[in-house]
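The first residue of the sequence shown is numbered 1, and numbering continues consecutively from there.
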Amino acid sequence: MKTKTFVLIGICAGLLFGCGEETTSPPVTNASPAGGPPSPSVANASPGGFWEGIDSNGGHIIALVTETGKFHFIDGDLNQGSGTLSVSDTNDVDSNFHFVTQPGSTFADGTTSANCSLAGTVSERQTMTVTVACMTAAGLHNQITAALSNKALYDRESSLATIAGNYQGLKEVLNIAGDGTLFSQNPGTGCVANGQVSIIDDAFNAYDFEFTYSNCVGQAAVMNGSSFDGIASLDNSVMPEKLLVAAIGDMDGDVPSFEGNFISFVQTL
């Protein structure tokens with residue numbers, strides 16, 4: 001079993017609300033060709049991929065998307081949304097999803113959640129162009145566009161043997177067993193996470209990641225009983241290798257909140 005280390009990723013750049021600017025953008029609509037006969041019906045493109053790019057405000061954006069369209073969408077402030085992309089026979093994509101801040105962080109109007117819509121187009125395994133419009137719980141509107149490129153690492157095959165290993169970070173330790181059972185512990189907060197890693201489709205580099213917290217003390221006690229669900233992807237384009245995880249959960253019975261589990265697990269060989 002491999003021994004690995006991990007570090008938390010923190011990118012200081014806003015995407016939707018990080019800059020604290022309010023806009024009054026129009027609703028998002030799907031683009032359609034101007035004039036001419038309707039486009040012939042074609043097979044729906046797969047939205048699956050590890051997508052990365054820059055938004056219209058200059059912020060960094062990452063999206064992990066499975067073949068079925070399940071996605072986790074992360075901005076530079078580690079705010080995160082999750083949902084499912086629908087793809088039409090003209091390869092338009094759309095989704096409605098919930099967008100939340102990480103604990104201790106808020107949007108410009110002091111809120112922590114927003115309802116969002118996404119619309120755009122996808123070229124399978126190549127590019128995705130989207131417009132995302134959000135409105136916070138207090139009514140703050142914002143909209144961005146983003147051009148994303150698919151990273152080739154998504155086409156790597158997945159297996160529990162590949163992802164299994166021991167991981168060590170600045171605070172947390174993590175073990176993924178050969179059967180996908182995961183265990184993590186943070187000595188500082190006392191938090192223990194127990195869960196499961198599962199294969200989504202063994203032809204592609206995406207894993208289901210589920211875990212529940214217990215044993216947390218002090219300010220972290222709000223995490224006890226919180227369950228998180230997300231997607232993980234291994235990045236072997238760099239050395240040491242990285243495992244990227246995005247997950248959203250429900251803390252203390254409140255609305256879904258991002259716990260900060262967008263993680264880079266760095267392998268030491």
Side-chain angles (χ1 to χ4, degrees), residues 15-16 27-33 38-56 59-76 78-100 114-134 143-158 163 197-210 229-237 243-248 256 258 261-262:
L15 175 62
L16 288 173
V28 177
T29 58
N30 288 330
S32 58
S39 300
S41 178
V42 295
N44 296 24
S46 167
F50 187 115
W51 302 93
E52 191 169 15
I54 303 298
D55 69 74
S56 51
H60 188 231
I61 176 176
I62 290 176
L64 304 180
V65 188
T66 70
E67 293 302 288
T68 61
K70 178 182 177 181
F71 71 87
H72 281 255
F73 167 85
I74 307 103
D75 78 0
L78 299 186
N79 303 317
Q80 187 180 163
S82 69
T84 301
L85 286 176
S86 297
V87 184
S88 74
D89 58 10
T90 56
N91 297 334
D92 291 332
V93 294
D94 67 84
S95 180
N96 293 309
F97 64 96
H98 200 60
F99 195 60
V100 294
N115 290 317
C116 302
S117 62
L118 176 152
T121 58
V122 61
S123 176
E124 186 170 318
R125 304 285 190 269
Q126 297 183 48
T127 59
M128 188 185 302
T129 302
V130 297
T131 299
V132 180
C134 293
Q143 178 172 301
I144 58 96
T145 59
L148 309 175
S149 297
N150 187 38
K151 299 184 71 173
L153 63 90
Y154 177 73
D155 291 321
R156 178 186 182 185
E157 294 181 354
S158 59
I163 200 172
V197 178
S198 304
I199 303 300
I200 299 173
D201 184 327
D202 61 12
F204 301 103
N205 182 13
Y207 299 80
D208 270 329
F209 225 80
E210 300 177 357
D229 175 74
I231 305 171
S233 185
L234 282 163
D235 183 357
N236 65 346
S237 67
L243 172 62
L244 304 176
V245 182
I248 283 182
F258 178 38
N261 283 294
F262 180 44

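Taking T68 as the reference, T66, K70 meet the side-chain contact (heavy atoms from CB on, under 4.5 Å) condition, with sequence neighbours excluded. Not counting sequence neighbours, the partners of N96 by the side-chain contact (heavy atoms from CB on, under 4.5 Å) test are S117. Residues that satisfy the side-chain hydrogen bond (donor to acceptor under 3.5 Å, both in side chains) test with D202, not counting sequence neighbours, are absent from this structure. Residues satisfying the salt bridge (charged side-chain N to carboxylate O under 4.0 Å, His left out) test with E157, not counting sequence neighbours, are none. With sequence neighbours excluded, the residues that form a side-chain hydrogen bond (donor to acceptor under 3.5 Å, both in side chains) with S237 are D235. Taking E67 as the reference, R125 meet the salt bridge (charged side-chain N to carboxylate O under 4.0 Å, His left out) condition, with sequence neighbours excluded. Checked against side-chain contact (heavy atoms from CB on, under 4.5 Å), A206 has the following partners two or more places apart in sequence or in another chain: Y154, I200, I231. Every residue meeting the ring-ring contact (aromatic ring centres under 6.0 Å, His included) condition with F71, not counting sequence neighbours, appears here in chain and number order: F97. The side-chain contact (heavy atoms from CB on, under 4.5 Å) search around S123 returns Q126, T127, not counting sequence neighbours.
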### Task
Any chance you could lay out the side chain to side chain contact (heavy atoms under 4.5 Å, CB included) test for V65 and F73, step after step, and finish with the verdict?
CA-CA 9 Å; V65 188; F73 167 85; over 6 Å; no
### Task
Please step through side chain to side chain contact (heavy atoms under 4.5 Å, CB included) for the pair L64 and F50, ending with a clear verdict.
CA-CA 5 Å; L64 304 180; F50 187 115; 3.2 Å; yes
### Message
With side chain to side chain contact (heavy atoms under 4.5 Å, CB included) as the criterion, how do Y207 and I163 come out once you've worked through the C-alpha distance, each side chain's angles and the decisive distance to 0.1 Å?
### Response
CA-CA 9 Å; Y207 299 80; I163 200 172; 3.8 Å; yes
### Residue pair L85, M128: steps toward the side chain to side chain contact (heavy atoms under 4.5 Å, CB included) verdict
CA-CA 12 Å; L85 286 176; M128 188 185 302; 4.1 Å; yes
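Between the CG atom of D94 and the CG atom of L118 there is a distance of 8.0 Å, given to the nearest 0.5 Å. Taken from OG in S88 to CG in N44, the straight-line distance is 6.5 Å, to the nearest 0.5 Å. To the nearest 0.5 Å, atoms CG (N205) and NZ (K151) are separated by 10.5 Å. Between D75 atom CG and I144 atom CD1 the span is 9.0 Å, to the nearest 0.5 Å. From L234, atom CG reaches atom CG of L153 across 9.0 Å, with rounding to the nearest 0.5 Å. Note: E52 CD to I61 CD1 = 10.0 Å, rounded to the nearest 0.5 Å.
Across all their heavy atoms, V93 and T121 have their closest contact at CG2-N, 3.8 Å. Taking each heavy atom of A133 and Q143 in turn, the nearest pair found is CB-OE1, 3.8 Å. Minimum interatomic distance between G49 and N150 (heavy atoms only, all atoms of both residues): CA-OD1, 3.2 Å. Residues G53 and L148 come closest through the heavy atom pair N-CD2, 3.7 Å. Between I74 and Q80, the shortest heavy-atom contact is CG1-CG, 4.0 Å. H72 and I248 make their closest contact through CE1-N, 3.9 Å (heavy atoms, listed as atom of the first residue, atom of the second, distance).
Side-chain atoms of T129 never come within 3.5 Å of backbone atoms of G120 as a donor-acceptor pair (strictly under, hydrogens ignored). Using a distance-only test at 3.5 Å, with no hydrogens or angles considered, no donor-acceptor pair links the side chain of S82 to the main chain of H98. Judged by distance alone, with hydrogens and angles left aside, the side-chain atoms of N91 form a donor-acceptor pair with the main-chain N or O of A45 at under 3.5 Å.
The side-chain heavy atoms of V132 and F99, taken from C-beta on, include no pair separated by under 4.5 Å.
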